[in-house]
Every structure is written in C-alpha cells, then in structure tokens.
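To start, the structure itself, in structure tokens.
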Amino acid sequence: MAHEEKDGYVPSEVEEKWQRLWDERGTNTFTAEELESADDPYYNLMMFPYPSAEGLHVGNIYAFTGADVHGRYHRLRGRTVFEPMGFDAFGIHSENFALKIGTHPMDLIPSNVSNFTRQLRRIGGMFDWNHSVDTTHPSYYKWTQWIFLQLFKAGLAERKEAPVNWCPPCMTVLANEQVVAGTCERCDAPVEQRRLAQWFFKITQYAQRLLDNLETIDWSSTTLKAQSNWLGRSTGAELHFPVVDREGEDTGDVVEVYTTRPDTVFGATYIVLSPEHPLVESVTDDGLRAPVYAYVDVATKKDLIARQKTDKSKTGVPTGGYCRNPATGELIPIWVADYVLMEYGTGAIMAVPGHDARDFEFAQQFDLPIRRVVAGPGENPDTPLPEAYVGPGALVNSGRFDGTDVSKSVDTVTAWASEEGWGEAKVNFRLHDWCISRQRYWGPPIPIIHCDNCGSVGVPESDLPVVLPRVEDFRPDDSGISPLARVEEWYKTTCPECGGAARRETDVSDTFLDSSWYFLRYPSADVDDAPFDSERTRRWLPVDTYIGGNEHAVLHLLYSRFITMVLKDLGHIDFEEPYDVFRAHGLIIRDGAKMSKSKGNVIVPDPIIEEFGADAFRTYLMFLGPFEEGGDYRAGGIQGPHGFLHRLWDSAVSASDEAADPDVERKVHQTIGQVTEQLPELGYNTSIAAMMECLNAIRSGGRTARRAEIEPLVVMIAPFAPHLAEELWERLGHEGSIFDGTNWPEFDADKAVESTVEIAVQVNGKRRGSIEVAADASEDVVVGAARADENVARHLADVEERRVIFVPGRLVNFVVG
RNA sequence: GCCGGGGUGGUGAAAUCGGUAAACACAGGGGACUUAAAAUCCCCCGGGCUUCGGCCCUUGCGGGUUCAAGUCCCGCCCCCGGCACCA
C-alpha cells in the first residue's frame, strides 16, 4: 500500500509522473545528433545485467543506483552524461533456465528483457533507452562475430587441440577464468581435463601489456591487485637438462625446465616431468613402461580438484631415465609426478628439495637426495635440512658461486648458464590463452567455415551475421560436440574460398566475448553499418567511470581490456584502455549473512518500492554503508531515509520567501562543501548523513524553512531521489527538469566559516573541559580562557606546568608534572 | 603459504597529514501535541562509580613511540576477498 500523508507526498504518484515526463521529453535519451555534438561528454557506465527470469535483485539495484547517483551528480554539474543500459542475455545461464522450465531461450529472453526494462525504469535510472543493446540480437552479435574475424585475420584466434577444462554437468568447456579452485564457477562441479580442438584467443601475447597498463589506470586497488595476481608474472630462467643414456651419453633429447631459482641449480638432484609431458615416453626405461604408463593414465584422468589438492601426499614414479645436471655434471634421475602441471612453464621442473617445500616433501617420500645450496647467516653448510630453506643467505656447495648472496645469485647464475649455453632468463605468466569455444547452443556461432581444401576459413564480413538458427532440441550432450552439429541444413555450406562443400563451425563463442566490447557499441547502438561509429567513439570513449562488481575483476574486466588493445593495434580505435576509472562496489548482505535463495533471506525489491517508493529505496541503499564496501540490509532501516525525504518535502513545499537565517545558511554551506567533496568520490552514506544533519538544523524546533535554505538541499538530494527532487524543483517555481542546466549549488567557503569554535582543554592529554572562543582568537587568549575554566583550574592547582600544546581551532593541552 | 581489505555502542556506521571516539540513522526508553493513532517536535540511550561538581574504563589482543594513538611502529588473533603443488 502507498503511504498517504497529510503533507501530500505520495511517492508512487510523484515517481510515475516524472518517469512519464522523462520519457515524453526525452530527458535521458540522446538523438544521433546530440551524441555527435555533445560538448562536455561524460560516459557513465555500469555493468549490464543478465536478464534472469526472477527479475532485478537487490544487488543489481544497489550497483545501478550507485552508478546512477554518480551520473546524475555529474549531470547536475553541467556535464553531458551518457548512461546506457543493456542486456547480457546469451550464455549458459539463460540456456539452462530455458531447459529447466521447458521453454526456448528465444522466447524466454524477450519476456525477461521486457520485465527488466520495466523494473529499471521503475527505480528511476537515467538510462538512455535509445541506445540499449541486447547481445542476443543479430544486430549486436553480427559485430561480435566481426570482432572474432578481426582476431582471426590478425592471427590472434587459433584452433588447436589442447587439454581444456570440461565441466560434466554443463557439458561444455570452460575458460580458465571460469574454473574456481578446480570447480566450475557456475555449477561447482569438479572440472575435468579433456583434450579437444578449441578456439583460443592469444591473450598471453598481451600479458605484459595488460600488466604494465595497470599502472596507468585509476581503478579500485582490490581490482588491480586481482588482475595482477591473475596475470601472475614471475621471473626466472629456462634451463636445459640434456637427457643421457645408460652410458652417460647425450641422447639428443633435452628437458627444458622453468625455475624462479636458477641459482639453486647445484642443488637440483632430480627432474620431474608432468604426466602429460611429451618426453615421458622417450625417457622411460623399457622395464618401467608398465608402471609409468599406469601412473600417467591415472593422473591424467583425475579431475582438477583431485589433481590440485595440496594436502594429499605426493605421488610419482621413476622413469629409469637420467639427465645431466649442467651445473654439476652429475646424472640425476627423471621422475614423473602429477604435482608438476603441464600448463605452467615448460611442464617440467628441476627439483631442488633443499630449497623448495614441494620438492622436499617429494624427496623425503621417495628417498631422493636433498642437498643444501643456500645457507643462512652463520649456518653450517653441511647440516642436514629439517625442511626446505627459502630464507636469505648465500650460496654454498655451488662451486665457483659459493658465497654469492641470494639477492644477486639469480642474475649471476643465469648469466653463467647463458654464457655456457644451457639456459636463459625467462619471464613467465600464469595467464593462459582464452578458450572461447563453447559446445552449447545459446551463443553467437563462431563465424568460421571448415573446408577440406582450404582449412578454417573466416566467413566473409559481408555474410555476417551468421544467424543462430531456431533449434527446438538445443540440449547439450557429453560428446564435446555442439548441438548445432545436429543441424545438417545449417552447418552444410560451401567454402567462401574454393566454393567446394564445407561445414560451418558448430561451436558458439563464450558469453564473455559478447560483453568484452558492449561499451563500444552503446553510443553506436543505432548504427547499422559499423560496430562503432568512429566519430562517436572518438567523442565518448574511453569510458569516464565504470562502476561494477569485483566478481568480474579477472573475467570481463580482463577480457575487455584485451579486446580493446587488439582493436587499437588493428587500427579500429585510438585508445587501448577501455575504462579510465573503475570502482568496485561492495556487496549487500542481509542481517550479517550473504543473501541466497537457499537461506531464504533474499530481499525482493518490488514490494519495498511499492510501499516506500524508488526514491526512499535508493536513498536507503546508498545510506546503509560505504558504497565501495557494501552494507548490511536491515528491514526497518529504510524508515530513516523515508522520514527524511518526507520532512524534506514538507519543508520545501511550505518554505517561506524570507532571506536565509545566517546560522542556518552557514550550516547549508558547510553541507554543500561536504557533499560536493564526498559525492564524486562515492561517499554516499556520509553525504546523505550531512544532508540529514542540515535538514535537522533547518527544521530545529519545528522551524519553517526558507527557500534559500532548502533549495540547495533539493538539488543535492536529486542524485539519490531524482523524482522527489524534480517535483520539488517544479513546486519551487522552476521550469523544466532539475537535471537540465547547471543547478548544483555553488560552495562559498566564506559563508561556511564559523565565527566561534569550541576548543577542547586537556590536562596531560585528558579532556577536562571545553571552551568557546572566537575563531580567530590568539593563542594567548585561548590559553587564558582555558586556564579560567573551573574544572581545568582545579587540575592545574598544586602541579607544575611544564608545557602548553596549542592546536588552533582544536585543543589546548597543559602538560604538568 | 603469498598478496589485498577489514575488526569501533544493542544494530548499520562516523571520525585515520595523530588532536573532544561514537556524527547520521535503526532499534529501545521518556515527554509535548492529539479523543486516539499517524505525522511532527523535545529529551535519554558504550560500561562502571558519583558527594551530581565530576572521576575511572572503553575502538580484536599484547607491547612501544608521543604532551596526545581508533589513527603511527613491533608481535599476535579473527573475519572477508584474490592467487595457490604456478616450480
């Protein structure tokens, strides 16, 4: 039920009225001409939602409101703010839901989108609905396919057979970024490794640049850190260990190892190959083939969680083969063990059990020699090691390098290895190439045609889009083959190059490719003949501020940076970082716990909006905690902002025309100063608190507000409660929208200064009183007044004063002995 | 294990170039107005003691620096997030 109060403020009516007027007047939308000629453009972006059947949840509304407040603030300051919204509607989530309820995604998505659109309007976002995108629309994914082709032509998209992450319940491969601790990020099932031919984007070629540029962008530090952790740069060396036969002669094979501690090579007492390593077969002794192959077989079939568990004891088998340690000349055995991963480095390590915890554990288990080659200060080089030593010290048992400090030894030994021709410095990244093919239905078909004569051929751009056909049986299966492979009339085609019979690629692309470029599309959403109009792109991009969740720190935010870099390198755009500023918002929890359907503590926004209005809901969400840290949603909490907005209304509609009271005016200017400083930094909760305090001062003792006092508050609340502000602005006698023109109140520091200040008086650091003095009072006057305070005087009697500390405008502290 | 962020009243939280801890709200208590309710306005609201003047304690724990520490330094504990058999 809507609140009907005697002050006449009925949120639902006010909100309906202004939402209608915004639509009618085009307050929030741009025409093509406006986009192309905007003076002071500000691109305010937020992460577009996946349109679920459940509708907007509180987390969406929280994020969008926080971003909308930001956009509206800049608009009130006179910027031309473009704030688009769209739908990320391809992907497994939609497809699975459609399967579950027995409908088709092509029917499901439009109704979800229209429900989302309704809700997004209802919460009062300043969205430009003329420039919305839906990633599932052919007019959008035509260009997603175009982007694929650009990478393909540039040699950055490659189809190769490789071990990939296979999620059995989802029946598709996953990108590395979608595997969390060995499980699928969507369904939590253990991920398996499968060898399949897949399309990869060579994001690893951009690893160094993706890392370096982190220095140049203004992002939340948590997000920057997450990205650099994900990129995982490490420096070390690749060393070559020749394989030898029984007689100690080189066989010609060489085991390449990657190590971050080449300086410990004198302590390398064995070699470990990962079970997938190509040399396993050739180094294995004939007599040991059975156990080695059995081990490899078991290890490669393990799922990722089982394989990557660190708390289990290590397993492995000797191959019977040997390498020569190039530093010592010794022959050292080659083992196969699954604690070495094929995906990282070279898939082989030199084991230095003395100085690596994992190697130490393995060596103990299999009774392999442990040799100390680093000794800490004062340590005897020959004492046995109780555990791997990784601390500071100097090399020992390392021939000519004995005594070299570990701070220099990596470089020194690497230089030697390099001179001798058995190693070189090497930088490694944890980042893998981006696997973008999905053996599912609900995505953009990858625009490739396979021809027996010509190989993989890109679909000519003039033939785009490759339309996703409506297929009633779109269930995935466990074969690793896409549902589209069952649609012969769709995949049978001719080769664009030789005209011979050919077959379309039947995999679709990862959803994250859809979202990797949507911010480029928004300004050009109404353009048919290009993915992004170059004039509009120049004017609006890169994005000024992007606000979103940190759950995308290494998925969407990394992929979109990569795609942007590629488009720059290919000459399509002239910037390489898509978002100048990124801010991660916090999460809303409920009564101290994460919201989840299973806990039954999910907040359903619609009834709250119906009861209190979008303005009160928005204001409450922004008030309940620091936006960048999130907050705890409590059912009664909305009462505070709700009452505040009603009192603001009441004071505004009954305001008198008298000149502002000087004391109140001072408070108003202090508030303007504070809010103007905090709002652009996303200090929403404290801005609202300051405005509440100000209104309390205006209304103190039941006082009638004066226009000049209340009007600045009406403008400053507008980002949070836009409908209320519009209505009050109109009732205060203004024409048009409060958001047109530059209506933000001007801060006047002179009007904010206090004539008197309260000074705390301490004796030995303990507060003994406080005094009120003129703001410009001299030290002598203040200290005199402090001494005169009755309680202070008592504490100063009978003691010796040693020092007086005076902090202007703050305190006086008498230090006594 | 490594790297971030955090720990403050009954509750959500303010205050960090060191300077009156708890602003602003929620919940709770009392009062004014009202036939009543709502709305509005006023007062109380970290703990203990009090001769009602004040006094003592209090920002996860233990030390330290300082006239002065929620804030800085050292050593711990706990929570949240990122990375993780990554060589």
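The chains referred to below are lettered A, B, ... by the order of the sequence lines, with proteins before strands, and numbering in each begins at 1. Since this is a predicted model, take the numbers as computed values, not measurements.
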query: Are A/R810 and B/U20 close enough that a side-chain N or O sits under 4.0 Å from OP1 or OP2?
result: yes
message: Atom CD of residue position A/E772 - does it have more than 12 heavy atoms of other residues, nucleotides or ligands inside 6.0 Å?
response: yes
Whichever of A/H432 and A/N813 has its nearest RNA chain B nucleotide further upstream toward 5': A/N813
- request: Find which nucleotide of RNA chain B each of A/T222 and A/N550 is nearest to by heavy atoms, and output the residue with the more 5' nucleotide.
  value: A/T222
query: Whole Å only: how far is the CG atom of A/L214 from the P atom of B/G4?
result: 15 Å
statement: To the nearest angstrom, the CG-P distance between A/N696 and B/A25 comes to 5 Å
query: Is the closest side-chain donor-acceptor distance between A/N550 and A/T222 under 3.5 Å?
result: yes
- prompt: Hey, is the side chain of A/N229 pairing donor to acceptor with the base of B/C83 inside 3.5 Å?
  reply: no
query: How about A/N428 and A/S234: does a side-chain donor come under 3.5 Å of a side-chain acceptor?
result: no
query: Step by step, would you call A/R703 with A/E709 a salt bridge (charged side-chain N to carboxylate O under 4.0 Å, His left out)?
result: CA-CA 12 Å; A/R703 189 175 169 278; A/E709 299 164 356; 2.8 Å; yes
task: Walk me through it: do A/V254 and A/W422 pass the test side-chain contact (heavy atoms from CB on, under 4.5 Å)?
output: CA-CA 10 Å; A/V254 175; A/W422 49 269; over 6 Å; no
- prompt: When only distance counts, do a donor and an acceptor, one from the side chain of A/K225 and one from the base of B/C83, lie under 3.5 Å apart?
  reply: no
task: Would you classify A/S770 as touching base, sugar-phosphate or nothing, given that sugar-phosphate means primed atoms plus P, OP1 and OP2, and contacts are heavy atoms under 4.0 Å?
output: nothing
task: Measure the acute angle between the ring planes of A/Y9 and A/H646, then classify it against the limits of 30° and 60° as parallel, tilted or perpendicular.
output: tilted
task: Return the stems involving RNA chain B, sorted by first number, where pairs are Watson-Crick (N1-N3 with N6-O4 or O6-N4) or G-U wobble (N1-O2 and O6-N3), both under 3.5 Å, and runs are 3 or more long.
output: B:1-7 with B:77-83, B:10-12 with B:24-26, B:28-32 with B:40-44, B:46-49 with B:54-57, B:60-64 with B:72-76
- prompt: Say you pick atom P in B/G70 and the same atom in B/U16; how far apart are they, in whole Å?
  reply: 14 Å
- prompt: When every nucleotide of nucleotides 10-17 of chain B is labelled 5' to 3' by its protein contacts under 4.0 Å (heavy atoms), B for base, S for sugar-phosphate only, - for none, what sequence of letters results?
  reply: -SBSS---
message: So, OP1 or OP2 of B/A87: does either fall under 4.0 Å of a side-chain N or O from A/Y258?
response: no
query: Would you call the rings of A/F582 and A/W219 parallel, tilted or perpendicular if under 30° counts as parallel and over 60° as perpendicular?
result: tilted
message: Each nucleotide in nucleotides 44-60 of chain B should get exactly one letter: B, S or -. Can you fill that in based on protein heavy atoms under 4.0 Å?
response: ---------SSSSS---
message: By the 4.0 Å heavy-atom rule, please label A/G232 as base, sugar-phosphate, or nothing.
response: nothing
- line: Separation of B/U66 atom P from A/R803 atom CZ, nearest Å, is 11 Å
- request: For the residue pair A/F362 and A/Y339, categorise the inter-ring angle as parallel (less than 30°), tilted (30 to 60°) or perpendicular (more than 60°).
  value: tilted
- prompt: A/Y684 and A/T65: side-chain donor and acceptor closer than 3.5 Å?
  reply: no
- request: Could you tell me how the ring of A/F366 sits relative to the ring of A/W335: parallel (under 30°), tilted (30 to 60°) or perpendicular (over 60°)?
  value: tilted
query: Any idea how A/H585 and A/Y62 line up, ring-wise: parallel (<30°), tilted (30 to 60°), or perpendicular (>60°)?
result: perpendicular
